[in-house]
Colleague: 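Structure in structure tokens, see below.
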Amino acid sequence: MPSRDNQFIQLRRQKLEKLLAAGIEPYPIKSFRTNKIEDILKGKDDWVASNQEVSLAGRLVAMRRQGKLSFGDLEDASGKIQIYVAQNLVGEENYELFKLCDPGDFIQVKGTLFFTQAGEYSLRANQISLLAKNLRPLPPIKEKVIDGKLVRYSALSDVEIRYRKRYLDLLLNPSHRDIFIRRAKIISAIRSFLDEREFIEVETPILQPLYGGANARPFITHHNALDIDLYLRIATELYLKRLIVGGFEKIYELGKDFRNEGMDRIHNPEFTMLELYEAYSDLAGMMDLTESLLKYLAINVLHQSIYKFRGYNIDLSEPFQKASMQNLLKDYLGLELSEDDYDKAVEFCQKHNIDIPPGAGTGKLIYLIYENMIEEQIIQPTFVTDFPKEVSPLAKAKPDNPFWADRFELLIAGYEFANAFSELNDPLEQRARLEAQAALRALGDEEASVVDEDFLEALEYGMPPMGGLGIGIDRLVMLLTENDSIKEVILFPQMKPEQPL
RNA sequence: GGUCCAGUAACUCAGCGGUAGAGUAUCUGCCUUUUAAGCAGAGAGUCGUUGGUUCGAUUCCAACCUGGAUCACCA
């Protein structure tokens, strides 16, 4: 870790003193620019021919001093351009100011555009002014174009610093800035995709007196004025369903959920989730919507059909496959299991070292076998359908065989990308399911749901049949930006404090 | 939580029982078309932390901290 006042910082402080002594305000209130650098980089010959004076503002990221002539690189959010600062053009006094500038300073440069002898398109300064003095040097930025590709030398690569001080990562690694630009594009495209289909975006409480809608342990917080504990939501599901009871037909929420669980390359304690509900739709409708949305994002928005992810080439342009869980068990393991095969399922689990949790029935066992032995082998986009009802407490049972729920998960590269079902709207049945969950909880399953009476009451007023869908946005962004770690696609991933607080 | 790997200058890294090294960055000098500018010189480090072994530890040992990988757990 950098010390608080090492030689570099001392030197910058001294320069600051010199600036103040010279009557220069190092943090002026006003700044001015006529153009973004991007504008100037378009139609270079015209800018040069016009000889028009422009003002650019940005961060000085590199300097090459050469006595009474200096070069520098000026960067703003839109691009980067070389500046040419000659003493005879800016004057002695202004040149002295420039000599007190360092890489990392924000400056404003007024000048005209030209090509240097080496052919580099540059801004020839008539005047430099300081916008904000840097007091802590940036790691050096050294780069060179080799075969048309920008090679950066000694880039900041320490992942710990990159995550803890994301601003440095963004500043020093432009390709990492692109990840978040892409993330923003994806999220904005999801909204326009749904808005076009007449979904209404809503916001439901993050602070909830009871949590539900998923199996997970919650974060608990306290409200002082009410003197009650509140939970940070683990899902938006139960509130969104109340809104369907209230008469909305197509709604979605895009926001953070919080789960108090382990962290790894695909789990961050707070993560972004899309949930949507559509009245009078069903599982087939959700499947179409999921597939269209992913293809829209991949192909229409990002213009790419094959994504390198976890060492696989994931093709999002082909039709997604479909397979029922029961058939997967048969195909992958040669195992035929149905509702009456409890003993057979137990035997199989024991043989393959799959722990059997207390209270597990045949459905739970089937799900565990699938999860432990098959899930990670499903690489290309596949809708896995027909989950056991036992592990789907909020999904409607299939009419032809109520052992199974009308549900799918979309699997890609062994990860879940979407989860959808025909939503259970029978209030009595829902109560029975939640009570069964509560019973599991009593047996020690800390992730099982609790009974939410207010939600059950809402259901009793009547909720239409509908399809519901959840998509983990961070994981989707991982796929669409070809990153294998969730920390790479979250600006400020959760980290342990370096020192005890 | 288990196992393995890593932590040395601002950045990227080498070193490894005997006074701490390189490149870049920084500072000083020279330099008006450079661009990983150049040339000459200089400064810069609690070698993650705390203990132990040793005449002597950045190096060996132990514990701990932080990060990564992996397994377990988990949407």
Side-chain angles (χ1 to χ4, degrees), chain A residues 1-3 5-12 14-15 61-73 80-90 95 102-104 114-122 124 134 136-146 150-165 168 172-173 213-217 234-235 257 259-269 271 273 353-355 357 367-368 371-372 375 391 409 411 415-419 445-447 470-472 474-475 484-488 493 495-500:
Chain A
M1 283 295 99
S3 57
D5 43 7
N6 63 23
Q7 50 161 341
F8 299 99
I9 291 165
Q10 299 287 6
L11 281 160
R12 298 282 159 118
Q14 285 166 18
K15 283 191 182 178
V61 292
M63 283 178 101
R64 293 175 290 282
R65 294 182 204 272
Q66 224 176 97
K68 295 188 175 63
L69 171 69
S70 297
F71 295 89
D73 294 329
K80 187 162 85 174
I81 189 168
Q82 174 169 273
I83 58 171
Y84 167 103
V85 186
Q87 193 188 58
N88 63 349
L89 285 174
V90 299
Y95 199 75
D102 293 295
F114 81 119
F115 288 98
T116 64
Q117 276 181 13
E120 174 97 4
Y121 181 63
S122 308
R124 182 166 41 206
N134 161 298
R136 197 176 277 269
L138 299 170
I141 299 174
K142 288 280 181 180
E143 54 191 20
K144 187 184 185 178
V145 177
I146 296 174
L150 192 66
V151 179
R152 197 161 272 229
Y153 297 84
S154 321
L156 179 71
S157 60
D158 183 309
V159 288
E160 191 171 348
I161 300 177
R162 285 184 39 234
Y163 297 152
R164 287 189 195 280
K165 301 185 192 294
L168 289 180
L172 298 165
N173 298 310
N215 294 333
R217 284 193 283 174
I234 59 171
D257 286 345
R259 297 187 185 174
N260 205 342
E261 289 168 350
M263 294 157 54
D264 58 29
R265 56 163 45 200
I266 53 169
H267 295 95
N268 195 63
F271 60 99
M273 188 80 177
N353 292 320
I354 296 171
D355 285 341
Y367 175 71
L368 288 173
E371 192 184 36
N372 282 290
E375 204 176 52
V391 296
E409 282 187 358
L411 269 284
Y415 289 165
E416 293 164 35
F417 275 75
N419 182 17
D445 183 349
E446 288 186 74
E447 277 151 9
I471 295 180
D474 307 280
R475 249 177 239 185
D484 289 351
S485 166
I486 200 168
K487 289 192 163 84
E488 295 292 355
M495 303 285 277
K496 266 199 192 181
E498 290 167 280
Q499 289 146 5

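Quick note on labels: first sequence line is chain A, next is B, and so on, each numbered from 1.
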Colleague: Could you summarise the pairing of RNA chain B as dot-bracket text, marking Watson-Crick and G-U pairs under 3.5 Å with ( ) or [ ] inside the strand and | across strands?
Modeller: (((((((..((((....[..)))).(((((.......))))).....(((((..]....))))))))))))....

Colleague: Between protein and nucleic acid, restricted to nucleotides 22-25 of chain B and to nitrogen or oxygen atoms under 3.5 Å apart, what atom pairs and distances do you find?
Modeller:
residue : atom : partner  : partner atom : Å
B:rA25  : OP1  : A:Lys142 : NZ           : 2.4

Colleague: Specify the residue among A:Asp158 and A:Phe271 whose closest nucleotide of RNA chain B lies further upstream toward the 5′ end.
Modeller: A:Asp158

Colleague: Which whole number of Å gives the distance between the P atom of B:rU54 and that of B:rU59?
Modeller: 16 Å

Colleague: Write down the distance separating the C1' atoms in B:rC4 and B:rA9, rounded off to the nearest Å.
Modeller: 29 Å

Colleague: How long is the gap from CG on A:Asn88 to OH on A:Tyr95, to the nearest 0.5 Å?
Modeller: 10.0 Å

Colleague: Would you mind telling me which of B:rC74, B:rU32, B:rC13 lies closest to the side-chain atoms of A:Glu447?
Modeller: B:rC74

Colleague: When the distance from CG of A:Asn353 to C1' of B:rC73 is rounded to whole Å, what number comes out?
Modeller: 15 Å

Colleague: Round to a whole Å and report the spacing from CG of A:Asn372 to C1' of B:rC71.
Modeller: 13 Å

Colleague: Which is true for A:Tyr415 with a 4.0 Å heavy-atom rule: it touches a base, it touches only sugar-phosphate, or it touches nothing?
Modeller: nothing

Colleague: Base, sugar-phosphate, or nothing for A:Glu120, non-hydrogen atoms under 4.0 angstrom?
Modeller: base

Colleague: Measure the distance from CD1 on A:Ile234 to P on B:rC74 and round it to the nearest whole Å.
Modeller: 15 Å

Colleague: Would one find a side-chain N or O of A:Arg265 under 4.0 angstrom from OP1 or OP2 of B:rA69?
Modeller: yes

Colleague: To the nearest 0.5 Å, what is the distance between CZ (A:Arg136) and CZ (A:Arg12)?
Modeller: 11.0 Å

Colleague: With rounding to the closest Å, how many angstrom separate the C1' atoms on B:rG43 and B:rG1?
Modeller: 47 Å

Colleague: Could you pull out all residues at least two apart from A:Glu488 that satisfy side chain to side chain donor-acceptor pair (under 3.5 Å)?
Modeller: A:Arg162, A:Tyr163

Colleague: Heavy atoms under 4.0 Å, any strand shown: does A:Ser70 hit a base, just sugar-phosphate, or nothing?
Modeller: nothing

Colleague: Can you check the distance between B:rC65 and B:rU46, where both ends of the measurement are the C1' atom (answer in whole Å)?
Modeller: 16 Å

Colleague: Which protein N or O atoms sit under 3.5 Å from an N or O of nucleotides 29-31 of chain B?
Modeller:
residue : atom : partner : partner atom : Å
B:rC31  : N3   : A:Gly67 : N            : 3.1
B:rC31  : N4   : A:Gly67 : N            : 3.2

Colleague: If you round to the nearest 0.5 Å, how far is OH of A:Tyr415 from CD of A:Glu375?
Modeller: 10.5 Å

Colleague: With heavy atoms under 4.0 Å as the rule, sort A:Asn419 into base, sugar-phosphate or nothing.
Modeller: base

Colleague: Separation of A:Ile266 atom CD1 from B:rC74 atom C1', in whole Å?
Modeller: 9 Å

Colleague: How many Å lie between CD on A:Gln10 and P on B:rA9, as a whole number?
Modeller: 18 Å

Colleague: Heavy atoms under 4.0 Å, any strand shown: does A:Ala118 hit a base, just sugar-phosphate, or nothing?
Modeller: base

Colleague: Only counting residues at least two apart or in another chain, list the ones meeting side chain to side chain donor-acceptor pair (under 3.5 Å) with A:Asp445.
Modeller: none

Colleague: From the list B:rU32, B:rU33, B:rG68, which nucleotide is the closest neighbour of the side chain of A:Phe114?
Modeller: B:rU33

Colleague: Reckon A:Thr116 has a side-chain N or O less than 4.0 Å from the OP1 or OP2 of B:rU34?
Modeller: no

Colleague: Is any side-chain nitrogen or oxygen of A:Arg164 closer than 4.0 Å to OP1 or OP2 of B:rG67?
Modeller: yes

Colleague: Give A:Gln82 one of three labels, base, sugar-phosphate or nothing, depending on what nucleic acid heavy atoms sit under 4.0 Å from its own.
Modeller: base

Colleague: Counting the atoms with a prime plus P, OP1 and OP2 as sugar-phosphate, which does A:Ala155 contact under 4.0 Å by heavy atoms, base, sugar-phosphate, or nothing?
Modeller: sugar-phosphate

Colleague: Within a strict 4.5 Å, meaning less than it, do heavy atoms of the A:Gln82 and A:Thr116 side chains meet?
Modeller: yes

Colleague: Can you work out whether A:Asp73 or A:Glu375 has the more 5'-proximal nearest nucleotide on RNA chain B?
Modeller: A:Asp73

Colleague: Nearest-Å distance, CG (A:Asp264) to C1' (B:rG67)?
Modeller: 15 Å

Colleague: Run the side-chain contact (heavy atoms from CB on, under 4.5 Å) check on A:Val159 and A:Lys487 step by step: do they pass?
Modeller: CA-CA 10 Å; A:Val159 288; A:Lys487 289 192 163 84; over 6 Å; no

Colleague: Compare side-chain N and O positions of A:Lys487 against OP1 and OP2 of B:rG67 and report whether any pair is under 4.0 Å apart.
Modeller: no

Colleague: Decide side-chain contact (heavy atoms from CB on, under 4.5 Å) for A:Arg64 and A:Asp73; before the verdict, give the C-alpha distance in whole Å, the side-chain angles of both, and the deciding distance to 0.1 Å.
Modeller: CA-CA 9 Å; A:Arg64 293 175 290 282; A:Asp73 294 329; 3.2 Å; yes

Colleague: Checking contacts here: which listed nucleotide (B:rU34, B:rG68, B:rU66) is nearest the side-chain heavy atoms of A:Glu160?
Modeller: B:rU66

Colleague: Mind calculating the distance between CZ (A:Arg162) and P (B:rA6) to the nearest angstrom?
Modeller: 20 Å

Colleague: Measure CD1/A:Ile9 against P/B:rG45 and give the value in whole Å, please.
Modeller: 13 Å

Colleague: What interatomic distance, in whole Å, is found between P of B:rU66 and the corresponding atom of B:rC61?
Modeller: 22 Å

Colleague: Report the distance from atom CG of A:Leu368 to atom CD1 of A:Ile354, rounding to the nearest 0.5 Å.
Modeller: 6.5 Å

Colleague: Given the P atoms of B:rC60 and B:rA44, what is the spacing between them in whole Å?
Modeller: 27 Å

Colleague: When rounded to the nearest 0.5 angstrom, what is the spacing between CD in A:Gln14 and CD1 in A:Ile9?
Modeller: 12.5 Å

Colleague: Would A:His267 and A:Arg259 count as a side-chain contact (heavy atoms from CB on, under 4.5 Å) here? Give the steps.
Modeller: CA-CA 9 Å; A:His267 295 95; A:Arg259 297 187 185 174; over 6 Å; no

Colleague: Test of understanding: with side chain to side chain donor-acceptor pair (under 3.5 Å), list the residues that count as partners of A:Glu160, not counting sequence neighbours.
Modeller: A:Arg164

Colleague: What closest approach, in Å, do A:Ile234 and A:Ala216 show between heavy atoms, and which atom pair accounts for it?
Modeller: CD1-O, 3.9 Å

Colleague: Say we look at B:rA42 and B:rG52: how far apart would their C1' atoms be, to the nearest angstrom?
Modeller: 40 Å

Colleague: On the 0 to 90° scale, with breaks at 30° and 60°, tag the A:Tyr121-A:Phe115 ring pair as parallel, tilted or perpendicular.
Modeller: tilted

Colleague: When the C1' atoms of B:rA25 and B:rU32 are considered, how many whole Å apart are they?
Modeller: 24 Å

Colleague: Report the distance from atom CG of A:Asp257 to atom CG of A:Asn268, rounding to the nearest 0.5 Å.
Modeller: 12.0 Å

